Amino acid sequence: MEIKIQIEKLKISFGNIEVLKGVSINVYKNRITGFMGPAGSGKSTLISAVNRMIDYEENVKIEGKIYIDDIDVINDDIEGVSLRRQIGTVFAVPIPLPRSVYDNIAYGPRLKGITEKSKLDIIVEDSLKKAFLWGEMKDRLNISALKLSGGQQQRLCLARSLALKPEIILLDEPCSGLDPISTAKIEDALSGLKNEYTIILVSNNTKQIARISDYSAFFYMGEMIEYGTTEKIFTNPSEKRTEDYLSGKFG
Amino acid sequence: MRVNPRFIDKIVKLGLNAQAFFTVGILIVIVATICFKGFPYINFEFVFSSPEDMGRRGGIFPSIIGTILLVMLSILLATPLGVGTAIYLTEYTKESRFTKIIRFGVESLAGIPSILYGLFGFIFFVIKLKMGWSLLAGVLTITIMILPTIIRTSEEAIKSVPRNLRLVSYSLSATKWETVTKVVIPSAAPGILTGVMLSIGRAVGETAAVIFTMGSSLRFPASLMDSGRTMAVHFYILAREGISMEKAYATSLILVLSILLVNIIAYYIMNRVISKYS
Amino acid sequence: MIKKYRFNKEHLVRAILTVFALSSLLFLFLIFIFILFEGLPLFLKIGLNKIILGFKWAPTKDSFGIFPMVVSSFLVTFGALVIGAPLGLSCAIYLSEYSGKKTKMFLKPALELLAGIPSVVYGFLGVIYIVPLVRNYLGGSGFSLLSTSIVLGVMILPTIISISFDAIVSVPKTYREGSFAMGATKWQTIYKVIIPSAKSGILASFILGMGRAIGETMAVIMIAGNALKIPTSILDPLRTLTGNIALELAYATGDHRLSLFSTGVVLLVIIMILNYIANFGIKRKVLK
């Protein structure tokens, strides 16, 4: 199986606090990999290093390597912006830009220099379809994105990151604020996307990870405790702490 | 005998009420005086004709044009400079010794009284750079004078744009400048505009800094190197030299009305922003 | 495959914005340099004492004493504060503690408008209303320290009100609730808890108001009478530093012109000291 992201001995600290203590993990291409763990386990920090959004935090120190394909995005000479052209990100809270649904989705493509209306129309439709939002939105593309419901907004955010035509999608607890129905819609969308994209799903919801991810990793206190196929992790974990976490003893 | 504190409370409330309405009363007296005394002398001819006999007769049209030219050109220069500085301070640097020095500079500029701007504009632009009393010297002086207001209001407006919007923009592969132009400035625009409006108001009413840089020629400023007279300067000369009380009142009415208009627009914009974010 | 894109425009933008930000410093520097450059030579030639402490101002006859003007500037500033400070502070307290939402919606724009009225208009109305009032009821010409103080007192109201209002509003709600819980009346709470907590902000508002009063020019020229001696009563006319510059700059030449820049230097130093106290001595404490 092809490796898309290879993380080697990644250490990250904010000031004096070490949030990642030397994590190594391989993320496979065109699979959904779930990162789970209690709050403060370092899983969100890890993906913010992958898309280098961590550059916008203060007092950060990073050691180690993150290879995406052949490029070490931590040490090689590559700009964060360049990286994010090719990596989509969805945050925990849906954050629509204060503009129309259409303009939200066209935001990324326009940055890439695509200005032709016909091309943008296709991208918008395509992205919305992939995020299972086209049916609800096709006649309302020009309304403000702020008027959508929370679940719709989050799917819009997913569509918006798909519009960049990325190779990788990072989702940071994308369903934490959503109701079960909206959550199910997002999960359906993600399952449909994995043939084309490498997806990392960070979640504190173990059931969600179990439902849709192919591989699962358990993080605790800045370390990766266990990693394997979802089936293996959930049915026969080799670490006691993984078992305790999955059975709800802490988290 | 000890006075009942509840009784004192009532007296104080009454006193504070009276003082607040006294302050409003001052404003009403000012506006009412100017309106009642100025209104009878305002007509089409006054607004659209040139002054004659030092302003004793005729209108103030050249002064209106002079004011508009001075204010518009100053705003055109000061807005990009001020907003750019605010963007630099909020988006492109972290708080450091360097930003502290710049902020100190801005605060200091804001505190300098207009007569010193006049003195500086006179020696630097008019004399040393040989511009003479001219529209250009006036514009450059006023630009520097209103710059701190624009920087400070823009900075406030930019700071109030939620950080999340910036992060989303970055996550969608926008560069810093793309984020600033596409997300930050549009969201901060009403606040920035309010600052611009306040600066317009200040420039329209300014006298000391204008009279020694732009001069007080009664003719139309036909080029940047021509002297001209703004409404405020014209009003000052009419009133101080006792040339014509009627014309002075009429001029002051137009002056105050235009400032009132600018203030109302600024207030309207600000309220719209407040209602949008709450 | 991940590709590397370059964004060179960013560096250019950063460079331009840095220059923009530096421009404010450049302007401040230019203002200082040119006013000092013109104003200092006379201090060296005539002597600091003879200018700042000299009583006689006859610039065409080589007498450049501006002591009466320094004194007068401080007198009108003090007078303005005597009138503006209590009134302004009361209004700020009223606005934050007593006024309803509707009154506030009406008062705040009124105050902003008061701040927006040009100083020449204040001067003019001072001549129309205050000067005759003083002349008729108290005597003298009416162009006096008292009239000037009254007009300046009104002019600095918006500054005092808005800054002390901000200071009072930023006093934490818990302070108020605590005081009410102890059975204090509203006024006792304001007097014993709120004003002491907002002290430094209120002080800053007074000092910035002073800065505005001492720098005010056109209104002062119109009302002060511009006489060249130290006023001995509040009904005497006087000439301020700012007035001195504005009255004579248009026609002064040679040493006479330089002496006006010397006047400007003195004014600049006073203003910078006031601003420094207000911005960096007091405001900073408020923020912490």
Side-chain angles (χ1 to χ4, degrees), chain B residues 5-6 8-9 12-13 15-17 19-20 22-24 26-27 30 33-34 81 84-85 87-89 92 101-102 105-109 111-116 119-120 122-124 144 147-148 151 175-177 201 205-208 212 232 235-236 239-240 248 252 255-256 259-260 263 267, chain C residues 7 9-10 13-14 16-18 20-25 27-28 30-31 34-35 38 87 90-91 93-95 98-99 107 109-110 112-114 116-121 124-125 128 154 157 185-188 211 215-218 221-222 242 245-246 249-250 261 264 267-268 271-272 275 279:
Chain B
R6 308 263 158 218
I8 297 180
D9 226 41
V12 166
K13 189 174 177 183
L16 289 176
N17 254 302
Q19 301 215 40
F22 176 70
T23 307
V24 177
I26 295 170
L27 180 68
I30 293 173
T33 306
I34 289 167
L81 206 52
T85 303
I87 290 169
Y88 179 80
L89 288 175
Y92 279 80
I101 292 172
I102 290 175
V106 175
E107 291 291 330
S108 304
L109 276 184
I112 291 177
S114 54
I115 183 68
L116 290 183
L119 207 54
F120 164 71
F122 174 72
I123 196 67
F124 186 59
I144 301 176
L147 189 59
I151 294 175
T175 62
K176 197 158 247 181
W177 182 239
E206 182 52 44
T207 315
F212 299 118
F235 167 68
Y236 169 73
R240 173 145 172 80
S252 72
L255 188 61
V256 169
I259 288 170
L260 191 67
N263 265 276
Y267 198 69
Chain C
F7 302 90
K9 206 174 111 193
E10 285 296 301
V13 167
R14 177 181 287 274
I16 291 170
L17 291 178
T18 313
F20 277 19
L22 283 171
S23 70
S24 292
L25 279 183
F27 295 146
L28 186 68
L30 283 177
I31 290 171
F34 276 88
I35 291 180
E38 295 292 305
L87 196 55
S90 311
C91 284
I93 293 172
Y94 178 80
L95 262 175
Y98 286 92
S99 74
L107 273 176
E112 268 152 41
L113 190 58
L114 209 57
I117 288 182
S119 61
V120 274
V121 173
F124 184 56
L125 290 168
I128 292 169
V154 172
L157 273 181
T185 63
K186 198 161 193 176
W187 174 242
Q188 285 168 334
E216 183 45 52
T217 312
M218 297 329 241
I221 295 180
M222 294 167 93
T242 54
I245 299 170
L249 184 61
F261 279 88
L267 182 61
L268 192 59
I271 293 281
M272 290 311 283
N275 281 338
N279 286 329

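So that the names make sense, note that chain A is the first sequence line, chain B the second, and so on, each numbered from 1. Just so it is clear, the structure is predicted and the values come from calculations on it, not from any experiment.
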Given heavy-atom pairs under 4.5 angstrom as the criterion, report whether the side chain, backbone, both or neither of [X] touches chain C.
X: B/Leu147; answer: side chain
X: B/Tyr92; answer: both
X: B/Ile101; answer: both

*Taking every heavy-atom pair that is under 4.5 Å apart, which of C/Gly264, C/Pro109, C/Ser119, C/Ala250 has the most such pairs with chain B?*
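Most heavy-atom pairs under 4.5 Å with chain B: C/Pro109.
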
Which residue out of C/Leu107, C/Leu113, C/Leu157 racks up the most heavy-atom pairs below 4.5 Å with chain B?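 Top count of heavy-atom pairs under 4.5 Å with chain B: C/Leu113.
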
At a 4.5 Å cut-off on heavy atoms, which part of [X] comes close to chain B: side chain, backbone, both, or neither?
X: C/Ile271; result: side chain
X: C/Thr185; result: both
X: C/Thr18; result: both
X: C/Glu112; result: both
X: C/Val13; result: side chain
X: C/Leu268; result: both
X: C/Leu114; result: both
X: C/Ile16; result: neither
X: C/Ile221; result: both
X: C/Thr242; result: both
X: C/Leu25; result: side chain

Between B/Phe235 and C/Phe124, how do the two ring planes meet: parallel, tilted or perpendicular, split at 30° and 60°?
->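 If you compare the ring of B/Phe235 with that of C/Phe124, the planes turn out perpendicular.
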
Under a 3.5 Å threshold, yes or no: a donor from one side chain and an acceptor from the other, between C/Tyr98 and B/Asn17?
no

Item to complete: Assess the pair B/Tyr88 and C/Phe20: is the distance between their ring centroids shorter than 6.0 Å?
Response: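 When the ring centroids of B/Tyr88 and C/Phe20 are compared, they turn out to be at least 6.0 Å apart.
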
Just verifying a value: how many Å separate [X] [atom1] and [Y] [atom2], rounded to the nearest 0.5 Å?
X: B/Leu109; Y: C/Leu28; atom1: CG; atom2: CG; value: 5.0 Å
X: C/Ile31; Y: B/Leu119; atom1: CD1; atom2: CG; value: 10.5 Å
X: C/Lys9; Y: B/Trp177; atom1: NZ; atom2: CH2; value: 8.0 Å

Who among B/Val256, B/Ile8, B/Ile112, B/Val106 has the most heavy-atom pairs with chain C under 4.5 Å?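 Heavy-atom pair counts peak at B/Ile112.
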
Contacts of C/Phe7 meeting side chain to side chain contact (heavy atoms under 4.5 Å, CB included) (sequence neighbours excluded), chain-then-number -> A/Glu79, A/Val81, A/Ser82, A/Arg85, B/Thr175, C/Tyr5, C/Glu10

Discussion item. Contact between C/Met222 and B/Tyr236 at the side-chain level, heavy atoms closer than 4.5 Å - yes or no?
Written reply: yes

Are any side-chain N or O atoms of B/Asp9 and backbone N or O atoms of C/Trp187, one a donor and one an acceptor, separated by less than 3.5 Å?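 Flag set: sc B/Asp9 to bb C/Trp187 pair under 3.5 Å.
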
Heavy atoms of C/Pro118 and B/Ile259 approach each other most closely as CG-CD1, 3.4 Å

